[in-house]
Amino acid sequence: MTQPEIFEMIQDDQLLNASFWVNIALAGLVTLLFVYMGRNLEDSRAKLIWVATLMVPLVSISSYTGLASGLTISFLEMPAGHALAGDEVLTMWGRYLTWTFSTPMILLALGLLAGTNLTKLFTAITADIAMCVTGLAAAMTTSSYALRWFWYFISCTFFLVVLYVLLAEWPRDAEAAGTDEIFGLLRNLTVVLWLGYPIFWALGAEGLAVLDVAITSWAYSILDIGAKYIFAYLLLNWIATNERVIAQQPAGIGIGAEPEPGTGTPAED
Ligand code: RET
């Protein structure tokens, strides 16, 4: 199918088309709101959290524009063994590609909020990028049904690393940084909503094909609204009124080595 044909097909499927445009409109509105919410921030770490958070709806606009225009959608013939074997299935591969850019921003903002170190931040973000890229591979593999699920399994393994950092490492850091309450809320929101993505992948046309394409697209779009816009709103709202707590964290993000007592640079205050 050519791009104009895919575009026409999307236009004819009102439900699918709406799942894209609702997100483009929302992302535009929240971008303006977030610029306004962060206008008075002064601390550089708080500003970095703000910029990372702002990038989320901006990436989203690009992502959904790619889908709505048909640029990042392809029809792929499913291999033998798939419920729709031999059929051309609409694959929104642009979603997995753009998650590679949006989800690291979410983790960067959360990690900075928790006052974590560079090692843990690097671990969470690289595992997250690997999760998205291998998820893209799962969706794009047409040679073998088993290999589609093998990619899915690899992606889930990277996801487990992200979950480990979110659930076991950062809560401790956040407690030390005095941000544990807001961190806990955003962590729970993130973990619950992010778990929805692999579930809908498995149930959607690309996996077991229990749900049709428009329903799966809406499921992702709704998860996106919570995991991105509601998440970002709660975070920025907190930062705007608690900038002091962030500003009090030690400057910079170290690699995590605790100095021996009596060594290292004396505290400034
Ligand atoms: C895939 C399929 C393969 C297995 C796993 C997945 C996880 C995806 C996740 C996506 C989160 C996306 C967000 C986007 C916001 O812009 C790729 C669906 C584990 C967790 C939060």
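Counting starts at 1 for both ligands and their atoms, following the listed order. Just the heavy atoms: all of them, side chains too, but no hydrogens, waters or symmetry mates, feed the values below.
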Any idea which atoms of ligand 1 are less than 4.0 Å away from a heavy-atom of S102? 15 (C), 16 (O)
For atom 13 (C) of ligand 1, closest protein heavy-atom neighbour: T103 CG2, 3.4 Å
Check each of E206, M131, M105 against atom 20 (C) of ligand 1 and report the one with the nearest heavy atom. M131
Return the option from G204, G135, P198 holding the heavy atom at the smallest distance from atom 7 (C) of ligand 1. P198
For ligand 1, which is the ligand I care about here, please tell me if K228 has any N or O atom under 3.5 Å from one of the ligand's N or O atoms. yes
What protein heavy atom sits nearest atom 8 (C) of ligand 1, and how far away is it? Y197 CB, 3.6 Å
Would a distance-only check, ignoring hydrogens and angles, find a side-chain to backbone donor-acceptor pair under 3.5 Å from T157 to F153? yes
Atom 14 (C) of ligand 1: the protein heavy-atom neighbour that sits closest, reported with distance to 0.1 Å: W99 CD1, 3.4 Å
In the structure I gave you, are the side-chain heavy atoms of L193 and F231 within less than 4.5 Å of one another anywhere? no
Could you tell me whether the side chains of T72 and R95 share a donor-acceptor contact shorter than 3.5 Å? no
Using heavy-atom distances, let me know which of Y152, F159, W194 sits nearest atom 19 (C) of ligand 1. F159
Side-chain H-bond candidate by donor/acceptor type, S102 with K228, under 3.5 Å: no
Testing the 3.5 Å rule here: is there a donor-acceptor pair between the side chains of E206 and Y96? yes
Are side-chain N/O atoms of D224 and Y229 paired as donor and acceptor at under 3.5 Å? no
Among non-hydrogen protein atoms, atom 4 (C) of ligand 1 lies closest to S155 OG, 3.2 Å
Answer with yes or no whether the side chains of Y145 and W149 bring together a donor and an acceptor at under 3.5 Å. yes
Number the atoms of ligand 1 from 1 as they appear, then name those within less than 4.0 Å of a heavy atom of W201, with their elements. 2 (C), 18 (C)
